[in-house]
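Since the structure comes first, as structure tokens, the remarks are kept for the end.
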Protein chains: 2
Amino acid sequence: MSDPTPPPRGRTSTKRAAIAETLAGFEDFRSAQDVHEAMRRADRRVGLATVYRTLQAMVEGGELDSLRSETGEVTYRLCSGSHHHHLVCRVCGKALEVRGPAVETWAARTAEAHGFRDISHTVELVGTCSDH
Amino acid sequence: MSDPTPPPRGRTSTKRAAIAETLAGFEDFRSAQDVHEAMRRADRRVGLATVYRTLQAMVEGGELDSLRSETGEVTYRLCSGSHHHHLVCRVCGKALEVRGPAVETWAARTAEAHGFRDISHTVELVGTCSDH
DNA sequence: ATTAGTGCAAATGGTTTGCAGATGT
DNA sequence: ACATCTGCAAACCATTTGCACTAAT
């Protein structure tokens, strides 16, 4: 039911490029506020609203992955392509991508067993990495 | 490192009992606002702040399970005891408890393989149930 | 010219907090 | 009495929106 082909974007945007670039400088998930602050410090001022709008658009366009932090803010990171989940360190925030065929299968089967359609799943692992 | 024994509660609270009772009338996860509203309609008025405070206390005391909805609000439900995950209908909100030994194992192994300790995981399945 | 993109400030909406008064022990 | 519990209103804070303005095509 969802359009697999990302709809055409509007005209080329300077800010959007700057935001994407800033995001590229990070390894893990950052909030819109983080991105905005980072750009401010780098003297690449952007309106906070623009950051929010752009980030959302990028997620819809499939360029970004987003997830909700434990405190409830939405965080973003450049998309790596194929479907995967995250293993996040609760101390340093480092996030590793992990793939879990076992989980995908389990999710599909479980959903089907209960008569659910169009299943999507959220799987996040949080732990303390070896550096802590 | 965390105290496994729920710390002693304060004195017996009337409101807390009312809130727990209200929550008992629900099957799936409800937000603090939902609970507050339900109580208002049942003529068991309570301050919204009290609902928030109480709900949080109950989660800490291990009486409630809480999770964040897709829109970011925190939702609560009486704890059912053993560890499990949820299969939620995106249309009616109905939530089924599902157990996934496969997922637990996968989570533990994945974490270990990357040197992570004290792993906890979040797994939520969202789909459309057979009634829709 | 046209229209999408942007900034700013104001509006939202869930959640938290400060504080005075009610309540259980 | 005394500490905890409550309610109310104000404070918070991430996010959204209205609107005038700038810039890409």
Side-chain angles (χ1 to χ4, degrees), chain A residues 6-23 26 28-77 93, chain B residues 6-23 26 28-61 63-77 88 93:
Chain A
R9 309 181 199 78
R11 78 188 46 152
T12 301
S13 154
T14 314
K15 306 299 180 171
R16 182 178 184 128
I19 291 175
E21 207 169 304
T22 301
L23 222 30
F26 292 132
D28 16 287
F29 290 81
R30 300 302 172 106
S31 70
Q33 310 257 5
D34 288 342
V35 174
H36 179 254
E37 169 64 12
M39 296 182 76
R40 195 184 61 58
R41 271 183 297 189
D43 262 308
R44 304 181 79 175
R45 314 297 179 98
V46 200
L48 181 55
T50 300
V51 175
Y52 275 104
R53 281 188 286 234
T54 305
L55 252 21
Q56 283 176 182
M58 293 176 78
V59 167
E60 273 160 39
E63 296 175 60
L64 297 183
D65 255 357
S66 77
L67 66 86
R68 217 172 265 281
S69 75
E70 290 188 12
T71 54
E73 308 123 276
V74 181
T75 54
Y76 309 82
R77 190 173 78 164
Chain B
R9 309 181 198 80
R11 83 188 41 150
T12 300
S13 154
T14 314
K15 306 298 182 174
R16 182 177 184 129
I19 291 175
E21 208 168 304
T22 300
L23 222 31
F26 293 134
D28 13 291
F29 289 81
R30 301 301 171 109
S31 69
Q33 311 253 5
D34 288 342
V35 174
H36 179 253
E37 170 63 10
M39 295 182 76
R40 193 183 62 57
R41 272 184 295 188
D43 261 307
R44 304 180 79 176
R45 315 297 178 100
V46 201
L48 181 54
T50 300
V51 175
Y52 274 106
R53 281 186 287 232
T54 305
L55 252 21
Q56 283 176 185
M58 292 176 79
V59 168
E60 275 160 38
E63 296 175 59
L64 298 182
D65 256 355
S66 78
L67 66 83
R68 222 171 259 282
S69 74
E70 289 189 13
T71 54
E73 309 125 278
V74 181
T75 53
Y76 308 83
R77 190 173 78 163
V88 188

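So you know, we letter chains A, B, ... as the sequences are listed, proteins then strands, and number each from 1.
- The CZ atom of B:Arg30 sits 16.0 Å away from the OG atom of B:Ser66 when rounded to the nearest 0.5 Å.
- Judged purely by atom type and a 3.5 angstrom limit, B:Arg68 uses its side chain to pair as donor or acceptor with the backbone of B:Gly72.
- Rounded to whole Å, the distance from NE2 on A:His36 to C1' on D:dT16 is 15 Å.
- Between atom OH of residue A:Tyr76 and atom CZ of residue A:Phe26 there is a gap of 14.0 Å, rounded to the nearest 0.5 Å.
- At the phosphate of D:dG7, OP1 or OP2 sits under 4.0 Å from a side-chain N or O atom of B:Lys15.
- In terms of the salt bridge (Lys or Arg N to Asp or Glu O under 4.0 Å) criterion, residue partners of B:Arg77 (sequence neighbours excluded) are, by chain and number, B:Glu97.
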Please report, to 0.1 Å, the donor-acceptor pairs under 3.5 Å made by any side chain of residues 35-47 of chain B, with sequence neighbours excluded.
{"unit_1": "B:His36", "atom_1": "NE2", "unit_2": "B:Val46", "atom_2": "O", "d": "3.0"}
{"unit_1": "B:Glu37", "atom_1": "OE1", "unit_2": "B:Arg40", "atom_2": "NE", "d": "3.3"}
{"unit_1": "B:Glu37", "atom_1": "OE1", "unit_2": "B:Arg40", "atom_2": "NH2", "d": "3.4"}
{"unit_1": "B:Glu37", "atom_1": "OE2", "unit_2": "B:Arg40", "atom_2": "NH2", "d": "3.1"}
{"unit_1": "B:Arg44", "atom_1": "NH1", "unit_2": "B:Glu21", "atom_2": "OE2", "d": "3.4"}

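- Between the P atom of D:dT15 and the CG atom of A:Leu55 lies a distance of 10 Å, rounded to the nearest Å.
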Item to complete: Sugar-phosphate atoms are those with a prime plus P, OP1 and OP2; base atoms are the rest. Using that split, label each nucleotide of nucleotides 8-16 of chain C B, S or - for protein heavy atoms under 4.0 Å, 5' to 3'.
Response: B-----SBB

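- The side chain of A:Ser13 places an N or O atom within less than 4.0 Å of a non-bridging phosphate oxygen (OP1 or OP2) of C:dT6.
- Across A:Val74, A:Leu64, A:Asp65, a single residue satisfies side chain to side chain contact (heavy atoms under 4.5 Å, CB included) together with A:Val59, and that is A:Leu64.
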